[in-house]
Protein chains: 2
Amino acid sequence: MAQHTSAPSPAGAQRDLDSPARTTREQILEEALALFAQGGYGGTSLNDIAAGVGIRRPSLLHHFPSKEALYQEVFELLLSDWFERLAGAIGSAERGWDKVELVLRAGFRFFADNPSYVRMVRREAIDGGQHLGIDLASVLRPSFDLAADYFEREMQTGTFRTQDSRQLLITGYGALLSYFSDEPFLEGLLDMAPMSADALANREEHIVQFFRAALLP
Amino acid sequence: MAQHTSAPSPAGAQRDLDSPARTTREQILEEALALFAQGGYGGTSLNDIAAGVGIRRPSLLHHFPSKEALYQEVFELLLSDWFERLAGAIGSAERGWDKVELVLRAGFRFFADNPSYVRMVRREAIDGGQHLGIDLASVLRPSFDLAADYFEREMQTGTFRTQDSRQLLITGYGALLSYFSDEPFLEGLLDMAPMSADALANREEHIVQFFRAALLP
DNA sequence: GCAGACCTACCTACCTGTCGGTAGTTTTGG
DNA sequence: CCAAAACTACCGACAGGTAGGTAGGTCTGC
């Protein structure tokens, strides 16, 4: 809330031209995202983040009042990116299985593009939102309920097999997120790097095919 | 290694009679499991663990040489419990879907009985085994490969639908673990407590039914 | 000249692990 | 049989290190 909207740049003028010239604030957010995702809240020090940006810790604290405030802002950025990216697929006019596949693929690709997001969300889901002012579950709950309603409607018309829609969503959540959040572990379980283009294509097709088999009568 | 083999008890005499009278060492392991699962390695201090047992930190370090050694022993205990509990289901003589259902249910119930185990494993999977001498993936890999072989054989005989067996296992892993590891998050997403008997029964039936639908032709 | 960005130096709180010592029990040997 | 020796379990105090956060000064660009 109360977006500072990139304080230093005059009025958001030519931002696309000098895109590599990010403000220090943006660099901090970027570095913080990567490190929080990698090491969690407690496992990441402000020194690490500052060093990654190339400044000292007090300079970082000039841009953000505290570690917790920085973490919250990273998380808010994450959530707004998430909603923005999935809005198209969710709001699409498709029906039945086509829409599910659309959302599934959009989610998968978003997570593949932003594995750090997945790891941060997963950590927060495990911890139960200790470092977060906002409650992750209450933010996601409206979408969750809408999705459950969608499945139930399609089940009643016979488009999908009848089953517990919320359990289905939880399973989908687990299938989508686990691959990215547990990538360091899967790395040792598979013969190929989980984030390679080939492996990602495999995974996406499997998920789509798997859910189609479970949903269509 | 170099097992001390329960130093205090004289010669392992009547251990079953005074089972509630656990040794301090056992109490430490128990408390450490709960706290490591809840807060992770970095988020748990030896003071917290010692306080939970009712002793001071130096006394705890009398029983374990270091925090890392304690963590490793907790994890080894976890893994041996895991293998012991699932050995029956995995070694069963059943074939085809019946065996999959057996293992699925055995795993589910083991995790339901030991949610702390799931949370510790999940944290380790995310972190990639930073605090562990052993590598989780290499320990689990033989079972993983055996399971993949099993699925592939059953697919070739037409018992199961043909699909990527390793992707299938990863999806099963995600479906089973996520429910327990992310319980604090799911608590806010559902209307019932995820670990209540009703909710657990729901979840178990969903998983079994879901995988049956995806596997059977 | 002044505001924003950055710095060094410092503070307090907390962490793990060690040291020296104590009380009580077990082992040993004469 | 019993006292000396050894061992177990515990503790308070401390050392060394790192964390987040603050105070105050310097530099730079408008």
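Throughout, protein chains are lettered first and strands after them, A, B, ... in sequence-line order, and every chain is numbered starting at 1. Nothing here was measured: the structure is a model prediction, and the numbers come from that model. The figures here come from the full heavy-atom set of this structure, side chains too, leaving out hydrogens, waters and symmetry mates.
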Please check if any side-chain donor atom of [X] sits under 3.5 Å from a side-chain acceptor atom of [Y], or the reverse.
X       : Y       : result
Q167(A) : R203(B) : yes
S178(B) : R122(B) : yes
T24(A)  : H63(A)  : no

Might you list the N or O atoms of the protein lying below 3.5 Å from N or O atoms in nucleotides 28-30 of chain D, with each pair's distance?
none

Separation of [X] atom [atom1] from [N] atom [atom2], in whole Å?
X      : N       : atom1 : atom2 : answer
L60(A) : dA19(D) : CG    : P     : 14 Å
F64(A) : dT22(D) : CZ    : C1'   : 19 Å
Q27(A) : dA5(C)  : CD    : P     : 13 Å
I55(A) : dG4(C)  : CD1   : P     : 17 Å

Inset, instruction - For A147(B), enumerate each residue passing the side chain to side chain contact (heavy atoms under 4.5 Å, CB included) test, keeping only those at least two apart in sequence or located in another chain. - result: L169(B)
Legend entry - Side-chain N or O of H62(B) closer than 4.0 Å to phosphate OP1/OP2 of dC10(D): no
Inset, instruction - Taking only the side-chain nitrogens and oxygens of S59(B), find out if one of them lies under 4.0 Å from OP1 or OP2 of dA9(D). - result: no
Legend entry - Pairing residues for F211(B) by the ring pair (Phe, Tyr, Trp, His ring centres under 6.0 Å) criterion, not counting sequence neighbours: F210(A)
Inset, instruction - Determine the interplanar angle of the Y41(A) and F36(A) rings, folded into 0 to 90°, and report it as parallel if under 30°, tilted if 30 to 60°, perpendicular if over 60°. - result: parallel
Just the atom pairs and distances: protein N or O near nucleotides 16-19 of chain C's N or O, under 3.5 Å.
from	atom 1	to	atom 2	distance (Å)
dT16(C)	OP1	L46(B)	N	3.1
dT16(C)	OP1	K67(B)	NZ	3.1
dT16(C)	OP2	L46(B)	N	3.1
dT16(C)	O4	R57(B)	NH2	3.4
dG17(C)	OP2	K67(B)	N	2.8
dG17(C)	N7	R57(B)	NE	3.0
dG17(C)	O6	R57(B)	NH2	2.2

Do any side-chain atoms of residues 51-59 of chain B form donor-acceptor pairs under 3.5 angstrom with protein atoms, and if so which ones, sequence neighbours left out?
from	atom 1	to	atom 2	distance (Å)
R57(B)	NH1	N47(B)	OD1	2.6

Inset, instruction - Sort and list the pairs that fulfil side chain to side chain donor-acceptor pair (under 3.5 Å) and have at least one residue in residues 106-117 of chain A, not counting sequence neighbours. - result: D81(A)-Y117(A), R85(A)-D113(A), R109(A)-E204(A)
